[in-house]
Amino acid sequence: MLQVAYIRENKDAVLEGLKKRFFPNPEVIDEIIALDDERKSTQGALDDLRAESNRVSKEIGQLFREGKRAEADALKDQISGSKDETKRLEDAFNAIEAKMEELLLSVPNIPHSSVPAGKNEADNEVFQAWDKPMPQLFDGAQPHWELASKYNIFDLELGTKITGAGFPLYRGKGAKLQRSLIQFFLDINTDAGYEEIMPPLLVNADTARATGQLPDKEGQMYHCERDELYLIPTAEVPVTNIYRDVILDPSELPIKLTGYTPCFRREAGSYGAHVRGLNRVHQFDKVEIVRFEFPENSYKALEEMVAHVSGILDKLELPYRILRLCGGDMGFTSALTFDFEVWSAAQERWLEVSSVSNFETFQSHRMKLRYRDENKKTQLAHTLNGSALALARIVAALLENNQTPEGIKIPAALQRYTGFDLIS
RNA sequence: GGUGAGGUGGGUGAGUGGCUUAAACCACCGGUUUGCUAAACCGACGUACUGUAACAGGUACCGCGGGUUCGAAUCCCGCCCUCACCGCCA
């Protein structure tokens, strides 16, 4: 959520940014500023009224103590007339604040200056292309969902029987591969200085609101209504919320966290060939990295995270490219996002496996995550996060790219985790 | 799930309608003193909004939300959470 003061001071830049996103109703910016004017004048009037009421009440108390009952009663009559007006102003003020909140929640983050304008994924910029050879598959190579049944490593039909479509069941070496990847990612992340977190998988509404899942992405999450809890769509939600409503000492920054969790997404979107197999599922495993930074360091941190994720993909020997997302394709809360896509050789398509973003103060404002600067003033910290990495599609690419007539080869870096070098 | 006790500033904790501007102590910060450190003493010490050129000042906030009252941390109603014991349970 943007700060009103920021909108007021940077109106032109805000409108320019919204244009990059093809934001459909930029007129809310003027509405917000007008509403803010109204809020200030209403608050001024209300504060004055309350100040007067407080003053008179104190006087009444004083008179009572002195035993001057008649004078006190006279003052009571005098002040009780202003109660209706106070109530009216309070209601007006609350209505303005509610409307303000609603409008502010509808405004996405302002893109970083490097973000290209664009409507959708076709306008994304290839930030780093893959310039090395692509894997060459032998005749008879198969997509990963066929390899799954051939080698009995995961079973979508069993998942459907037990739960429903989009809930894969991994077994045998497939299950071991999942566990190995999780361990591998966590080890790399903790070696790079990220503290490992194992958070709750269900979160309350306050938590979901702070990271921006509520109210706008309500349909994305599984909701346990009876307990008013939500299954997390990503570890970002519980992990970032560790610092909700916190004022940090500057010595605590930067903070680097990593966490493995299953992720649950309802994804009421499309079905068909491009969502077959593990390409898009309702439950998948992901290891996330989350950072909290001083504003002046956050873009350097973003670069580090991009380099970090690149390093992991290098170790897995997967062809990948990095996209700089255009304004229209970027998430609502992000100021700059790099997507990582790996090449899935049998499907002959790129699969998104990581999204690394700087949210600047967009999340921290809603979360009230602050630090104290050198003048002891509170400032909003910057938040960043990225996948390092999302499992299901990594597995899809590994299976397809590494298949040979003899079986599926495990990348060298993973073998000490799996304990085997071939799925056959 | 049952019963009971609780929820007050960074921490401990007082506060049953106005004498509270939330006491006191501890911690942190600044200062005095001092070879150094400690101690002692003095001062400052919450968040947000508003306001000011900057100070000052104003308003709200004592788990959350309503209500009573001229006035609520305090009284009333609803909810949430914590602790203890019991029950159930991996």
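Here the structure is a predicted model, which means the values were calculated and not measured. Numbered from 1 within each chain, the chains take letters A, B, ... in sequence-line order.
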Notebook entry, point to check: Across all strands, who's sitting opposite B:U16 as a Watson-Crick or G-U wobble pair, both distances under 3.5 Å?
Noted result: none

Next item on the list: Determine the interatomic distance between P on B:G66 and the same-named atom on B:C61; round to the nearest Å.
Entry: 11 Å

Check: B:A73 and B:U16: how far apart are their P atoms, nearest whole angstrom?
Finding: 13 Å

Margin query: Can you check the distance between B:C64 and B:U8, where both ends of the measurement are the C1' atom (answer in whole Å)?
Written below: 15 Å

Note to self: For A:Asp91, is there an ion pair with A:Lys87 - N to carboxylate O distance below 4.0 angstrom?
What the structure shows: yes

Notebook entry, point to check: Across all strands shown, which nucleotide pairs with B:G35 by Watson-Crick or G-U wobble geometry, both distances under 3.5 Å?
Noted result: none

Check: Closest nucleotide of RNA chain B for A:Lys377 versus for A:Glu59: which of these residues is on the 5' side?
Finding: A:Glu59

Checklist line | All side chain to side chain contact (heavy atoms under 4.5 Å, CB included) counterparts of A:Arg244, not counting sequence neighbours | finding: A:Asn204, A:Asp206, A:Thr207, A:Ala210, A:Asn241, A:Met367

Check: Mind checking whether A:His308 and A:Tyr194 have ring centres under 6.0 Å apart?
Finding: yes

Checklist line | Atom-pair distance (CG on A:Asp245; C1' on B:C61), nearest Å | finding: 12 Å

Checklist line | All pairs passing salt bridge (charged side-chain N to carboxylate O under 4.0 Å, His left out) where residues 99-111 of chain A contributes a residue, at least two apart | finding: A:Lys99-A:Glu102

Notebook entry, point to check: Got a sec, which residues hit salt bridge (Lys or Arg N to Asp or Glu O under 4.0 Å) with A:Arg8, two or more places apart in sequence or on another chain?
Noted result: A:Asp36, A:Asp37

Margin query: Between B:A27 and B:C42, how far apart are the two P atoms, rounded to whole Å?
Written below: 15 Å

Output a table of donor-acceptor pairs, distance under 3.5 Å, between side-chain atoms of residues 252-261 of chain A and any protein atom two or more places apart or on a different chain; print 'none' if there are none.
residue, atom, partner, partner atom, Å
A:Glu252, OE2, A:Asp249, N, 2.8
A:Lys256, NZ, A:Ala192, O, 2.8
A:Thr258, OG1, A:Asn189, ND2, 3.1
A:Thr258, OG1, A:Glu288, O, 2.9
A:Tyr260, OH, A:Asp285, OD1, 2.5

Next item on the list: Determine, for A:Glu85 against A:Arg88, whether the closest basic-nitrogen to carboxylate-oxygen distance falls under 4.0 angstrom.
Entry: yes

Notebook entry, point to check: On a whole-Å scale, what distance lies between the C1' atoms belonging to B:C77 and B:A24?
Noted result: 34 Å

Next item on the list: For B:G1 versus B:C79, give the span between their P atoms, rounded off to a whole number of Å.
Entry: 14 Å

Check: Taking atom P in both B:G15 and B:G7, what distance in whole Å separates the two?
Finding: 11 Å

Item checked: Interatomic distance at C1', B:A38 relative to B:G46, whole Å -> 30 Å

Check: When every nucleotide of nucleotides 63-80 of chain B is labelled 5' to 3' by its protein contacts under 4.0 Å (heavy atoms), B for base, S for sugar-phosphate only, - for none, what sequence of letters results?
Finding: ----S--BS---------

Checklist line | Spacing of A:Phe420 atom CZ and A:Ile410 atom CD1 [to the nearest 0.5 Å] | finding: 5.0 Å

Could you go over nucleotides 47-51 of chain B and give all protein N or O partners under 3.5 Å, atom names and distances?
residue, atom, partner, partner atom, Å
B:U47, OP1, A:Arg372, NH1, 2.5
B:U47, OP1, A:Arg372, NH2, 3.4
B:U47, O3', A:Arg370, NH1, 3.0
B:A48, OP1, A:Arg370, NH1, 3.4
B:A48, OP1, A:Thr378, OG1, 2.6
B:C49, O3', A:Arg39, NH1, 3.3
B:C49, O2', A:Arg39, NH1, 3.2
B:C49, O2', A:Gln43, OE1, 2.5
B:C49, O2', A:Gln43, NE2, 3.2
B:C49, O2, A:Gln43, NE2, 3.1
B:U50, OP1, A:Arg39, NH2, 2.7
B:U50, O4', A:Gln43, NE2, 3.4

Margin query: Only pairs with both distances under 3.5 Å count, Watson-Crick or wobble alike; so what is the partner of B:C28 in this structure?
Written below: none

Item checked: Pair partner, B:C62 [Watson-Crick or wobble, under 3.5 Å] -> none

Notebook entry, point to check: Across all strands shown, which nucleotide pairs with B:A23 by Watson-Crick or G-U wobble geometry, both distances under 3.5 Å?
Noted result: none

Margin query: Tell me if the centroids of the rings in A:Tyr299 and A:His382 come within less than 6.0 Å of each other.
Written below: no

Next item on the list: Go ahead and name the base partner of B:G7; Watson-Crick or wobble counts if both distances stay under 3.5 Å, otherwise write none.
Entry: B:C80

Check: If we ignore angles and hydrogens, is there a donor and acceptor under 3.5 Å between the side chains of A:Thr190 and A:Glu196?
Finding: no

Checklist line | Under 3.5 Å on both distances, the Watson-Crick or G-U partner of B:A72 | finding: none

Margin query: Does the structure show a Watson-Crick or G-U wobble partner for B:C89, both distances under 3.5 Å? Name it, or say none.
Written below: none

